[in-house]
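One structure is given below, encoded as structure tokens.
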Amino acid sequence: MKNRTHRCGDLRTEHVGETVTVCGWVDTKRDRGGVAFILLRDVAGKVQLTFSEETDSALLAQTKEARGEFVLSATGKVRAREEENRTQTMATGDIEIVVEKFEILNTAVTPAIEVRDDLKCDPELRLKHRFIDLRRRPMQAMLQARAKLVSSARATLEAEGFLDVETPVLYKRTPEGARDFIVPSRAHRGQFYALPQSPQLFKQLCMISGLDRYFQIARCFRDEDKRADRQPEFTQIDIEMSFPTMDDVIELFEKVVAAIFDGIRRDERFKDQSWPVLSAGDVKPPFERMTYEQAMRDYSIDRPDLRSRDLKLTELNEWSAGCSFNAFKGVAEKKGLIKGLRCPGMAGEFSTGQLKNLERDAKGMGATGLANLKVTETGLDGGIAKFIPEPEQKAMIEAFGAKPGDLLLICAHEKHKVVHAVMHNMRLLIADKLGLSDPHKFAICWVVDFPLFEYREEDEKLFASHHPFTLPQDVQRVHELAEISRAGKEPHPVARMLRGGVEIEEVIALRNNQYDLVCNGIEIAGGSIRMHRTDYQADVFELIGISKEEAEKKFGFLMSALAHGAPPHGGIASGVDRLLMLLLGLDNIADVIAFPKSATGRDLMIDTPNDVEPALLEELGVRMVAKPEK
RNA sequence: GGGGGUGUAGCUCAAUUGGUUAGAGCGCCGGCCUGUCACGCCGGAGGUUGCGGGUUCAAGUCCCGUCACCCUCGCCA
């Protein structure tokens, strides 16, 4: 085999006259009898190899042996094609290689899936034969864009003085949060490591070690049920810095985002792709900021899709409290939530059956129902209109700012969460119908002022809404609440605080120093300023019900580190996979990962997870038990 | 864990109310063709209808179970 001199896709008219050697895969073969053409493909593109009876009839006969996906090396002279034989469909369409010698480096069986850009087939097959799927141009471009994204981020962070530090993959089980993957230890029979859900605590420890600025392209693992935008292992750009204000972190990360967009846009390799990132308008820092409260009020979600920013939800609690429709009135009296969406000009867009389907979807999310009303010249029509007297109709229309021809969708429920879930989804659906979900537009914003705690009423427990290492905005008040809790005798901190005269509303209203970056309704990064003092950390642990002993056992290393002069610090983490999905306009995370797992967490190509030998289990001190009968 | 969808040739899909030998396009194999580029033309091979059970004179089609994949709710500090 001769040394390769050029890549197939790189040859142009400037190479005419040169004798070259190219290597690659047979993409297609077109045999016309006295003349034959082989399209040879490599990472850079495709080039036409030409064989003819006139030039070398023995060589032409040899091409019979070359079949699809065979690996060839071919040597020949680059020739300009005749005017009428040129093609625009390939970058190399103006030239061809008149082959003098070629060699079959390897044969290939017929692949299960075809190597073509517009392949349409069952995703299962693509996963099973991933190494073939990845031969396709869109997949190779995706991987190139992914590498470019990471290198742009890396270059920016290094220029800003950040140090790439690797943290352990064999970590420790943490009972809170997502489920861990556990790894049995042979040396310590019966004991387990866990794979990290994120390097959160290690990056804090890096700050305490005085590294000042840390980053890592880190693999994270969560053993939760999969979704279109979730994988059991995924990659984060993980960042932490010492002595920052929130604005410092935000400004830094805006630079990273701008560099990522820029890097892919300016890369010549991607100019033939139809990715949103290549055609969308500029994403220019500084990005706008929105409070959590505002996001929830207008969009019922903490990651609003601002491509449809004017399509806002309307709260109807006040209207409902005085209305004649008992279902709404009852919810208002029980301090529930009533929210509605004005769907402009859509009164005629939904059939009765389609409205029923919307209600079915809402009920699937826990709603009792989903009211619909059509706005007419004279008032309201359809659905629950007959239960609402005319003056109340007028007031409602006014509350919505509705016009004749509008459709109103309203959901009421005692549980605010249910209403938020339903109305958020309805808003997305209507935005889509209105053509406001164009993947080629990017609407990016920071969401700030998140709640410090989430309150779960069922068991009267508080949870850290981000993670328990996030610095509260009002550490003084948190300390006072923790002191009240410590003084009480009731079993739970919430009960102790209530007994101590604290209103639960006040606790829920506490805010933290968290910031999320949201684009088109997707959370692409999230971070916070952390607690750097043991007393701050102890106060929060107290309020979320982690006892001193428990904190010592689970996070003793952190508490100890904080006590050794931890600097104020904070950071951010960004999901590479979701970010890339967004930039490329894809809607499945598997399409931006070289070797992804299926929706049940299996790798269909290498077939894992799988069984291991009983002897190994014995060595590990692990015993299999039968799946419990239902 | 709940709900929905899909499963027929290598691939994408057909197959009437349950009824003859389960078809088509692409791909694959063979032949022909001196400028193709989604080449064309002629011919051919290729099927455990995901798997298991049931109903029936008869099942790709109906019923039960099961497996895989996809979507979704829960879950994802």
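Protein chains get the first letters and strands the later ones, always in sequence-line order, with residue 1 at the start of each. Scope of the values below: all heavy atoms of this structure, side chains included, with no hydrogens, waters or symmetry mates.
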Between the base of [N] and the side chain of [X], is one N or O donor paired with an acceptor at under 3.5 angstrom?
{"X": "R79(A)", "N": "rG35(B)", "answer": "yes"}
{"X": "D122(A)", "N": "rG7(B)", "answer": "no"}
{"X": "R116(A)", "N": "rC11(B)", "answer": "no"}

Measuring only the [atom1] atom in each nucleotide, how far is [N] from [M]? A whole number of Å is fine.
{"N": "rG4(B)", "M": "rG43(B)", "atom1": "P", "value": "49 Å"}
{"N": "rC63(B)", "M": "rU6(B)", "atom1": "P", "value": "13 Å"}
{"N": "rG47(B)", "M": "rU12(B)", "atom1": "C1'", "value": "16 Å"}
{"N": "rC67(B)", "M": "rG30(B)", "atom1": "P", "value": "43 Å"}
{"N": "rG3(B)", "M": "rG44(B)", "atom1": "P", "value": "50 Å"}
{"N": "rC62(B)", "M": "rA15(B)", "atom1": "P", "value": "12 Å"}
{"N": "rG50(B)", "M": "rC69(B)", "atom1": "C1'", "value": "11 Å"}
{"N": "rA9(B)", "M": "rG46(B)", "atom1": "P", "value": "15 Å"}

Going by heavy atoms in the side chains, are M581(A) and D229(A) under 4.5 Å from each other?
yes
For a 4.5 angstrom cut-off between non-hydrogen side-chain atoms, does M605(A) reach H129(A)?
no
Does [X] reach a base, just sugar-phosphate, or nothing at all? Heavy atoms under 4.0 Å.
{"X": "R602(A)", "answer": "sugar-phosphate"}
{"X": "Q514(A)", "answer": "nothing"}
{"X": "E54(A)", "answer": "base"}
{"X": "N588(A)", "answer": "sugar-phosphate"}
{"X": "L604(A)", "answer": "sugar-phosphate"}
{"X": "Q48(A)", "answer": "base"}
{"X": "F37(A)", "answer": "base"}

Please pick, from [options], the nucleotide with the shortest atom-to-atom distance to any side-chain atom of [X].
{"X": "R67(A)", "options": "rG35(B), rC11(B), rG30(B)", "result": "rG30(B)"}
{"X": "T600(A)", "options": "rC71(B), rC37(B), rC69(B)", "result": "rC69(B)"}
{"X": "E53(A)", "options": "rG74(B), rC69(B), rU34(B)", "result": "rU34(B)"}
{"X": "M365(A)", "options": "rG27(B), rC69(B), rC73(B)", "result": "rC73(B)"}
{"X": "E114(A)", "options": "rC75(B), rC26(B), rG35(B)", "result": "rC26(B)"}
{"X": "R222(A)", "options": "rG74(B), rC76(B), rU36(B)", "result": "rC76(B)"}
{"X": "A178(A)", "options": "rC76(B), rU34(B), rC75(B)", "result": "rC76(B)"}

Just how far, in rounded Å, is [atom2] of [N] from [atom1] of [X]?
{"X": "K128(A)", "N": "rC70(B)", "atom1": "NZ", "atom2": "C1'", "value": "14 Å"}
{"X": "L428(A)", "N": "rU72(B)", "atom1": "CG", "atom2": "P", "value": "12 Å"}
{"X": "D118(A)", "N": "rC26(B)", "atom1": "CG", "atom2": "C1'", "value": "12 Å"}
{"X": "I132(A)", "N": "rC11(B)", "atom1": "CD1", "atom2": "C1'", "value": "14 Å"}
{"X": "R230(A)", "N": "rC71(B)", "atom1": "CZ", "atom2": "C1'", "value": "13 Å"}
{"X": "R81(A)", "N": "rC37(B)", "atom1": "CZ", "atom2": "C1'", "value": "7 Å"}
{"X": "R126(A)", "N": "rC11(B)", "atom1": "CZ", "atom2": "C1'", "value": "14 Å"}
{"X": "F234(A)", "N": "rC76(B)", "atom1": "CZ", "atom2": "P", "value": "13 Å"}

Does the structure show a Watson-Crick or G-U wobble partner for [N], both distances under 3.5 Å? Name it, or say none.
{"N": "rG40(B)", "result": "rC32(B)"}
{"N": "rG18(B)", "result": "none"}
{"N": "rU6(B)", "result": "rA68(B)"}

Hey, does the side chain of [X] come within less than 4.0 Å of [N]'s phosphate (OP1/OP2), counting only N and O?
{"X": "R30(A)", "N": "rC39(B)", "value": "yes"}
{"X": "S52(A)", "N": "rU34(B)", "value": "no"}
{"X": "N425(A)", "N": "rU72(B)", "value": "no"}
{"X": "R227(A)", "N": "rC73(B)", "value": "yes"}
{"X": "R32(A)", "N": "rU34(B)", "value": "no"}
{"X": "K120(A)", "N": "rC13(B)", "value": "yes"}

Ring centres under 6.0 angstrom apart ([X], [Y]):
{"X": "F469(A)", "Y": "F555(A)", "answer": "yes"}
{"X": "Y455(A)", "Y": "F463(A)", "answer": "no"}
{"X": "Y214(A)", "Y": "F202(A)", "answer": "no"}

Contacts of L125(A) and K29(A) projected onto RNA chain B by closest heavy atom; the upstream (5') one is L125(A)
Judged by nearest nucleotide, the residue sitting upstream toward the 5' end of RNA chain B, E224(A) or A599(A), is A599(A)
For D272(A), is the CG atom crowded, meaning more than 12 foreign heavy atoms sit under 6.0 Å from it?
yes
Please name the residue in the list R137(A), R135(A), R136(A) that meets the salt bridge (charged side-chain N to carboxylate O under 4.0 Å, His left out) test with D133(A).
R136(A)
Could you check whether E69(A) pairs with R41(A) (Lys NZ or Arg NE/NH1/NH2 to Asp/Glu carboxylate O, under 4.0 Å)?
yes
